[in-house]
A.B. asks: 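I'd like to ask some things about the structure below.
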Amino acid sequence: MPLHRGAHPQRDEHSEERLRLALNPFYGEADPTGAMNTAPPRHKLPDGPLPPMTAYRLVHDELMLDGNSRLNLATFVTTWMEPQAGVLMGECQDKNMIDKDEYPRTAELERRCVAMLADLWHAPDPATAVGCSTTGSSEACMLAGLALKRRWAKRNADRYPATARPNLVMGVNVQVCWEKFCNFWEVEARQVPMDGERFHLDPQAAAELCDENTIGVVGILGSTFDGSYEPIADLCAALDALQERTGLDIPVHVDGASGAMVAPFLDPDLTWDFRLPRVSSINTSGHKYGLVYPGVGWALWRTSDELPEELVFRVNYLGGDMPTFALNFSRPGAQVVAQYYTFLRLGRDGYRAVQQSARDVACGLSREVAELGDFRLLTRGDELPVFAFTTNPDVHAYDVFDVSRRLREHGWLVPAYTFPANRQDLSVLRVVCRNGFSSDLAALLIEDLKLLLPELRAQKHPLSHDRAVRTAFHH
């Protein structure tokens, strides 16, 4: 979560007149003037309570200034579910997931989801695969990284922590949660840079960064930078060859935050999951292409041997002996219930239809963007339903940041950002097509882009000069 400062002593203090006018007189239902003297302060607890509808209307009105989530083409997070799912979530908001003895059926639905994912990802024996729900892929990645580090530490007990510092190998395109993991748990991040038109990890370069202190290699099934799949099978083959040469046995974790809920349905012949013996663990975000509102994620390990027992805590003060492996303790069961509902509701054929629709919209939209003539596609939406594009070399009047800013004026949130090393020279726009982003909405986006292009082409130069402050996207 972002860090926020407290109230600004001058800016956030308001006069009695402002407070008197903050509430619509009609908010006082019985007495239209009665509520006008009850407007609460914004940055300290009010002295007394408000009527529930008054409090609701105050919050509701302020939230109207948020962007429209359905038009947010920056986020991978689900922005639409069926009303029935919303009802189920409302019925489960008060159930604490950790209290499995008190809510055994919610716990059973979590267990079934783990079993379904183990089967979907071709675990050798889905009955023995272990896993858990999390608040999202960030927590799932932290747990997977901790398991990798602890397994490495046990193998190197004679050297760690005295003389050996663990490292984790990944592409520079990883989601920021992996940088957080390395920072929080004192692991050296070894990153493979981008090169030319390769915007994700190179398997051979990753293998060359490995040594006896490497706890694992992270492969991304669906890069957030451009939507492309990393070659997980080639990565495993490179590490197999490394083991033959050196004896180093380096496990792979697959960060399938998005792709692990796309590839099984649309790319069934792509080998990336537990079919590869070197893949030790996989995570995904249920609230991305798992089609559930935030926040729920999943972490699975091939077998119980991949998850050190000492990382699993057992609590018995909630009414029974319950194992738990999570960074969070208390969280509602609503999202897990919604995930089970979605699995039950769609099945394999339903997921295939939803994801194929998203991919078709992405591919069609990327073609129309290319046909405008001003842009060059980096990806086309034919892996994740996501594509990235930049301006053509002969476009000098505007840049991608100008496009992002002008689209925002029409309600569209299309992120513009600069790629990391070694392609800091490349700035792009990225479009994420999710369930609920229809071909009609895509057509409206193209119409707005066509309306803006004549004005952008008429500029003398790009309006954004400071790259440090102009980005509208903070990965």
Side-chain angles (χ1 to χ4, degrees), residues 1-70 72 74-75 77-79 81 83 85-100 102-103 106 133-139 142 176-177 180 183-184 287 292-297 313 315 317-319 324 326-338 408 413 472 474:
M1 295 294 293
L3 297 176
H4 297 282
R5 299 185 183 277
H8 188 283
Q10 284 80 40
R11 185 184 64 216
D12 293 327
E13 288 297 325
H14 298 285
S15 65
E16 291 185 7
E17 180 70 1
R18 202 288 304 172
L19 293 176
R20 185 181 69 83
L21 299 175
L23 286 177
N24 187 322
F26 285 96
Y27 284 6
E29 296 175 3
D31 178 3
T33 64
M36 295 184 69
N37 297 318
T38 62
R42 291 180 176 175
H43 298 283
K44 64 179 181 180
L45 285 173
D47 293 331
L50 287 174
M53 185 53 70
T54 302
Y56 165 79
R57 285 169 170 161
L58 277 172
V59 178
H60 172 82
D61 286 357
E62 185 160 349
L63 290 176
M64 288 193 301
L65 296 175
D66 272 345
N68 185 330
S69 63
R70 293 282 295 280
N72 182 0
T75 183
V77 172
T78 295
T79 55
M81 289 189 77
V87 171
L88 276 174
M89 294 180 76
E91 292 171 352
C92 297
Q93 290 286 7
D94 60 344
K95 296 181 180 180
N96 187 359
M97 270 298 303
I98 194 65
D99 196 346
K100 292 176 170 53
E102 185 69 21
Y103 308 116
T106 302
S133 66
T134 64
T135 55
S137 265
S138 292
E139 183 185 2
M142 297 284 175
V176 69
C177 68
K180 289 183 179 180
N183 188 334
F184 294 168
H287 60 227
V292 174
Y293 286 139
V296 61
F313 288 82
V315 293
Y317 60 82
L318 294 174
T324 175
L327 300 181
N328 278 336
F329 194 72
S330 296
R331 57 188 174 89
Q335 284 79 6
V336 167
V337 170
R408 185 180 288 264
L413 302 180
H474 300 284

A.B. asks: Would you call Leu50 and Arg57 a side-chain contact if the rule is heavy atoms closer than 4.5 Å?
C.D. replies: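 No - every pair of side-chain heavy atoms lies 4.5 Å or more apart.
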A.B. asks: Enter the distance from Asp61:CG to Met64:CE here, rounded to the nearest 0.5 Å.
C.D. replies: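 One gets 4.5 Å once the value is rounded to the nearest 0.5 Å.
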A.B. asks: Take atom CG in Asn68; do more than 12 heavy atoms of anything else shown fall under 6.0 Å from it?
C.D. replies: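 Enclosed.
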A.B. asks: Hey, could you give me the CD/NZ distance between Gln93 and Lys95, rounded to the nearest 0.5 Å?
C.D. replies: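 Here the interatomic distance stands at 11.5 Å.
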A.B. asks: For Val337 and Cys92, which heavy atoms make the closest approach, and how far apart are they?
C.D. replies: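 Smallest interatomic distance, heavy atoms only, reads CG2-SG, 3.7 Å.
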A.B. asks: How far apart are the closest heavy atoms of Gly333 and Thr106, and which atoms are they?
C.D. replies: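 Heavy atoms of Gly333 and Thr106 come nearest at CA-CG2, 4.2 Å.
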A.B. asks: Thr135: what forms a side-chain hydrogen bond (donor to acceptor under 3.5 Å, both in side chains) with it, not counting sequence neighbours?
C.D. replies: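 For Thr135 the side-chain hydrogen bond (donor to acceptor under 3.5 Å, both in side chains) partners, ignoring immediate neighbours, are Glu139.
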A.B. asks: Compare all side-chain heavy atoms of Gln335 with those of Met97 and state whether any distance is below 4.5 angstrom.
C.D. replies: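 They are not in contact (no side-chain heavy atoms under 4.5 Å apart), so the answer is no.
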A.B. asks: State, with a plain yes or no, whether a side-chain heavy atom of Leu63 is found less than 4.5 Å away from one of His60.
C.D. replies: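 Result no, sub-4.5 Å side-chain heavy-atom pair not found.
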A.B. asks: Can any side-chain N or O of Asn96 pair as donor or acceptor with the backbone N or O of Arg331 at less than 3.5 Å?
C.D. replies: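 Looks like yes, one N/O pair under 3.5 Å.
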A.B. asks: Got a donor-acceptor contact below 3.5 angstrom from the His287 side chain to the Val296 backbone?
C.D. replies: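 Indeed, once roles are kept as given, a pair shorter than 3.5 Å links the two residues.
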A.B. asks: Return the minimal non-hydrogen interatomic distance between Gly136 and Thr134, and the atom names on each side.
C.D. replies: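 Taking every non-hydrogen atom into account, O-OG1, 2.7 Å.
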A.B. asks: Supply the atom-to-atom distance Asn328 CG to Met142 CE, rounded to the nearest 0.5 angstrom.
C.D. replies: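 So the CG of Asn328 and the CE of Met142 are separated by 11.5 Å.
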